[in-house]
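So you know, we letter chains A, B, ... as the sequences are listed, proteins then strands, and number each from 1.
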6 protein chains.
Amino acid sequence: MRPSKRAASDLRPVRFERAVSRHAEGSCLVRFGDTEVMCTASLEDRVPGWLRGGGKGWVTAEYGMLPRSTTERMRREASAGKPSGRTQEIQRLIGRSLRAVVDMHKLGERQITIDCDVLQADGGTRTASITGAWVALHDCVRWMQARDMVSEDPLIDHVAAVSCGVYGGETVLDLDYLEDSDAETDANFVMTGSGNLVEVQASAEGEPFTQDQLIEMLDLARAGIGQLVDLQKMTIG
Amino acid sequence: MRPSKRAASDLRPVRFERAVSRHAEGSCLVRFGDTEVMCTASLEDRVPGWLRGGGKGWVTAEYGMLPRSTTERMRREASAGKPSGRTQEIQRLIGRSLRAVVDMHKLGERQITIDCDVLQADGGTRTASITGAWVALHDCVRWMQARDMVSEDPLIDHVAAVSCGVYGGETVLDLDYLEDSDAETDANFVMTGSGNLVEVQASAEGEPFTQDQLIEMLDLARAGIGQLVDLQKMTIG
Amino acid sequence: MRPSKRAASDLRPVRFERAVSRHAEGSCLVRFGDTEVMCTASLEDRVPGWLRGGGKGWVTAEYGMLPRSTTERMRREASAGKPSGRTQEIQRLIGRSLRAVVDMHKLGERQITIDCDVLQADGGTRTASITGAWVALHDCVRWMQARDMVSEDPLIDHVAAVSCGVYGGETVLDLDYLEDSDAETDANFVMTGSGNLVEVQASAEGEPFTQDQLIEMLDLARAGIGQLVDLQKMTIG
Amino acid sequence: MRPSKRAASDLRPVRFERAVSRHAEGSCLVRFGDTEVMCTASLEDRVPGWLRGGGKGWVTAEYGMLPRSTTERMRREASAGKPSGRTQEIQRLIGRSLRAVVDMHKLGERQITIDCDVLQADGGTRTASITGAWVALHDCVRWMQARDMVSEDPLIDHVAAVSCGVYGGETVLDLDYLEDSDAETDANFVMTGSGNLVEVQASAEGEPFTQDQLIEMLDLARAGIGQLVDLQKMTIG
Amino acid sequence: MRPSKRAASDLRPVRFERAVSRHAEGSCLVRFGDTEVMCTASLEDRVPGWLRGGGKGWVTAEYGMLPRSTTERMRREASAGKPSGRTQEIQRLIGRSLRAVVDMHKLGERQITIDCDVLQADGGTRTASITGAWVALHDCVRWMQARDMVSEDPLIDHVAAVSCGVYGGETVLDLDYLEDSDAETDANFVMTGSGNLVEVQASAEGEPFTQDQLIEMLDLARAGIGQLVDLQKMTIG
Amino acid sequence: MRPSKRAASDLRPVRFERAVSRHAEGSCLVRFGDTEVMCTASLEDRVPGWLRGGGKGWVTAEYGMLPRSTTERMRREASAGKPSGRTQEIQRLIGRSLRAVVDMHKLGERQITIDCDVLQADGGTRTASITGAWVALHDCVRWMQARDMVSEDPLIDHVAAVSCGVYGGETVLDLDYLEDSDAETDANFVMTGSGNLVEVQASAEGEPFTQDQLIEMLDLARAGIGQLVDLQKMTIG
């Protein structure tokens, strides 16, 4: 039995709140249970140096946690002098995931930066970030379309993410912090709306895992991501 | 006429939302118009090295802005390698303001860290931070009292803050971003519930200002801070 | 009675020594009692990026303390990895104070950097810095005029600064280190030669202060700054 | 056809050279084709703070590349001021992989640090690092056993790693740099000698990939890692 | 008697291995006894800013040590946040030494960066670096000549280096780590193939040394460097 | 003919001013011509970690330049984020030079830190620093003796330093900035009062130099340092 009483294949309650920022071109406050992430999309008329002059755009992401988003207060990253390895790993994952569903030529020579700031953490902050970031990105693209900045829609597909784990010997979906702390294996899956894989990351925290367990987790993730994409569709509806 | 159409002595609408964080011992989301700051109080059972063994506690503050809390996206401070001078100046101001109304002996050898994170900025983030931080601090102290951690109330008084400025030659209260950008003089006042001054900071951005203008701003601030303290009282009611 | 035996409204002995640097375009060694600050003005034919092409100049300041300028040796800032928050706060104050009396259009597209390096500290290093920096700035402007680099004098007025405090319940002028350490309230005032205010900073270190005490300090500061401006005039005479 | 002319399921020539360092307790120079990594194991009689007093040991890893290990010279990380996100990600992967096959209780309160320094890079540096690091770790454990420092063997199993990818639409094993640069999907697999999974990381660089492709890559990796473990066994034979 | 049993004027066995890097334009693995340094030369078609447009080239060097190149594992410099003072001192010494034998006009507006990475340290890493770096530089220049990139040979002369010391009261050549740790005086000499001096650095670690001892060390160094240059000639033969 | 019109063996006018700091245990403002360095000695009752409990003391040095001590304003090191390689090299040289004339056992478990801050630079700042630092160190030791903190004098001998160079083909003593910029070879010599060598550093900036030139410079330096030691004796006399 999971601490959260959920069935193995249950997502936590998921909610999206759009247009939560007065300044950003697109924004979304996403909640996966008690995990809350503020996602904003910022549009700029310039691209990184290595892309300049090629007519292609870029989508990148940054990630942060408020110091008391966690059970124990963490040190503020600005005081630590640099983003931690974990932070850099997550922001590169979010960026790769979003770029998989954007046509950079149609975007034109512009950059969209997605900021994912965790207001409250209860496990799954990176998967909530990717899933909410897609909504902010979508709204930013609509903002551009409303201003005739792009002639064709650069957004190819949905993208969403969910975690799975081996907990108490059983494969389960969408771990909260309590489950995550005790899981033997921790995995994150990123998929498109059409069901293809963008990223698979599975790590044994304790015992190595079997290929069968990996397949089971893939199946759980596929179902969960299907529901997340449906929720994204209702949100932007 | 102010861009915000307010009278010279009008505050923006001010709202406090308590208990917005599941993890923090006290928390408050404060809004001064479109300025939104998340304030959390984190209690720790240790004090800075130079206080150890003296039986006294400490209250300190940290301040940050989400990258897209501003009109143009700012660089994330964790990427910049260190908190900017402005950030450090503000967090020391918040800390000093709160310490002015706490009896450190009654707090005992513990530290309360107040994090003020700006979710959306529209001028006056430091004054909103101080005013909201007091509510988070208050709730943290009540949390401690509920657990019999302190025998006497360490909270001596309210503290609140507001900005004033010379705008179009006239002294006005609680500047928003648009007014702040054009003000000739920018001032911040911090006062206790009993009406004494904790901090006065007034800076000529363009023309120097007169002593009469300083007195006028003091009078505006006194009235505004009185209203903020009344709102704090209703909030903790 | 003040530890320094001075009356409440007495400045310490103030001295200016000009042309103390062989290399700088203007320089001044200023002493407020035992506080000694070396001020140099460095002229450059370029302005910060955001001013380029606008025909306007810029004045900025940097501040430092020699490691053993203080009673106990301090850590060298170059070893600490970055200027402290206090250092940044002071250098921005000096810069703002000087810019209040310079016409940036008349200066032309050039930058003057004022370095204020504390050789010996005994309280009031920031106010001595501002007061001495004006002399270095003045001499730099004269150096430019002697070379026909400016057609009209960009220096509009004098600027000088002094500290005040509430010490033993009484308001006093120009605190030395011993007084400063024990003062309940610490304030710094920056005024122009014509008596207008450029900056007011007053902080309660212990007890909050009253509006009457603030007015008393303002009156003390006005008289003290008047004397400092007279001394500046005699120096450049 | 692969640029390297290899069949889809072919490893590059793999060689291990033991005892290449005079100072280290264990060391191995590993080559996967033209990729060369120097792995050293350093034993210390202390563990990280959070493990102290618990009787358990720790295994950690650091990773670096010589500036000219790559086609174009890279900036030296010591000059860059901090290890890059990629470096941190890799060193955490190596550490996790090794810890999966060590019994920390049997190791006792000691730390083994594995340094993996890339002398020459031609793709697959992280998988070569893990595979060679196991040999250095093994020799360090034997060094301890020879000195009666452990009563039972803390090394539970072999661990090895290999990359796979989708290249020209086909799944292939052990990509070199040329193949890696053009692959649509890039994956790394870490498995134990008994065939269980420690880590799966698969990323779409261009097109998302299907579940079938993931399974095919898993099968290739399983066969390749089997061969690598056989080579490890012959090396330590 | 020296711990290494060598006569006072004996070098350790010296070996050069060329073309050890697949990517670099020139490379050399040099061994002075158990000291091993990998030297690579990297050619770039740009020079530092202050040289641009002058038609002259530049030669610079960087130096590093693998963490376990030493008896006790050292902290990785990338983690330490910056190259140490010792590292900077050594890389400037290597750069100056090589530039003394290169005609920058004949090199043309290009930069050659020599990386010297210590794989194993047993004293004399800086002198081995200079001596091996010359071979890598030589091979890089030949690489350029083979591609008709220079019309005249920019390499003017050989350069090599050796350490000397006062050990047990006696002057000795080419100290290993054991001798170096106990030497009263430690000196490094850099000379050209024609016998002129490029650099002399002699430091008393304990007792000051006499002018006679300096002359004796100079004579030992002259003979040793003569042998090193002969070995360089045989290597490039 | 030298730009300074001095004969080859002439020092610049040298002056020492003692007790220039109110706070330091010893201090000296030293001038070598237009080069001015403020040297302070700071006594602390603790030693670096690796010396603790051994009954021995330590002498260390730090060095800095005021930003406008030079012809062109330099960047402030505190802003640059770390002391430059040159700064670190100089402060280690000053420290080694002073330690050569101090008996660490007689000093007891205390540390003396010498700060050398260049107020004005005109060549030879490191040699002026060493020579002036000895006076500050001497006065610090006398301060300790006056308080019966040491039973025997820990100061064994004088130490002083001077530069030499090959300028226009001729060896000359004590180069000023103009000479230093054009010298083919630049050398620094540190000697004790009894005429032994503590440090020799000679670098070819252009043409390599001969052994004869090195000997000539040694002879010039010996005579110059003799005069500097005489001046130190008169100063403390």
Looking at [options], which one has more heavy-atom pairs under 4.5 Å with chain A than the rest?
| options | answer |
| --- | --- |
| Arg86(D), Arg92(D), Gln201(D) | Arg92(D) |
| Val200(D), Asn196(D), Thr185(D), Val198(D) | Val200(D) |
| Arg222(D), Gln211(D), Gln91(D), Gln213(D) | Gln211(D) |
| Ile215(D), Asp157(D), Leu218(D), Thr192(D) | Leu218(D) |

Practice task
Look at Arg96(D) together with Glu205(A) and state whether they make a salt bridge at an N to O cut-off of under 4.0 Å.
Solution key: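 Here Arg96(D) does not pair with Glu205(A) in a salt bridge, since their nearest N and O are not under 4.0 Å apart.
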
Handout entry: Gln88(A) CD to Glu89(D) CD distance, which is reported to the nearest 0.5 Å
Key =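 With rounding to 0.5 Å, CD (Gln88(A)) is 9.0 Å from CD (Glu89(D)).
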
Practice task
Calculate, to the nearest 0.5 Å, the distance between atoms CG and CD belonging to Leu197(D) and Glu207(A) respectively.
Solution key: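 Separation between the atoms: 13.0 Å.
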
Examine whether an atom of [X] lies under 4.5 Å from a heavy atom of chain D, and if so say whether it belongs to the side chain, the backbone or both; otherwise answer neither.
| X | answer |
| --- | --- |
| Asp186(A) | neither |
| Thr210(A) | both |
| Glu199(A) | both |
| Arg99(A) | neither |
| Leu214(A) | side chain |

Problem - Choice from Gly206(A), Ser84(A), Ser203(A), Gly195(A) maximising heavy atom contacts with chain D below 4.5 Å - result: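 Option with the greatest count: Ser203(A).
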
Exercise for the section: Give the member of Gly85(A), Ala187(A), Ala202(A) that has the highest number of heavy-atom pairs under 4.5 Å with chain D. Expected result: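 Looking at each option in turn, the highest pair count goes to Ala202(A).
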
Handout entry: Part of Asp212(D) within contact of chain A (heavy atom distance under 4.5 Å)
Key =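 It is neither, since no heavy atom gets under 4.5 Å.
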
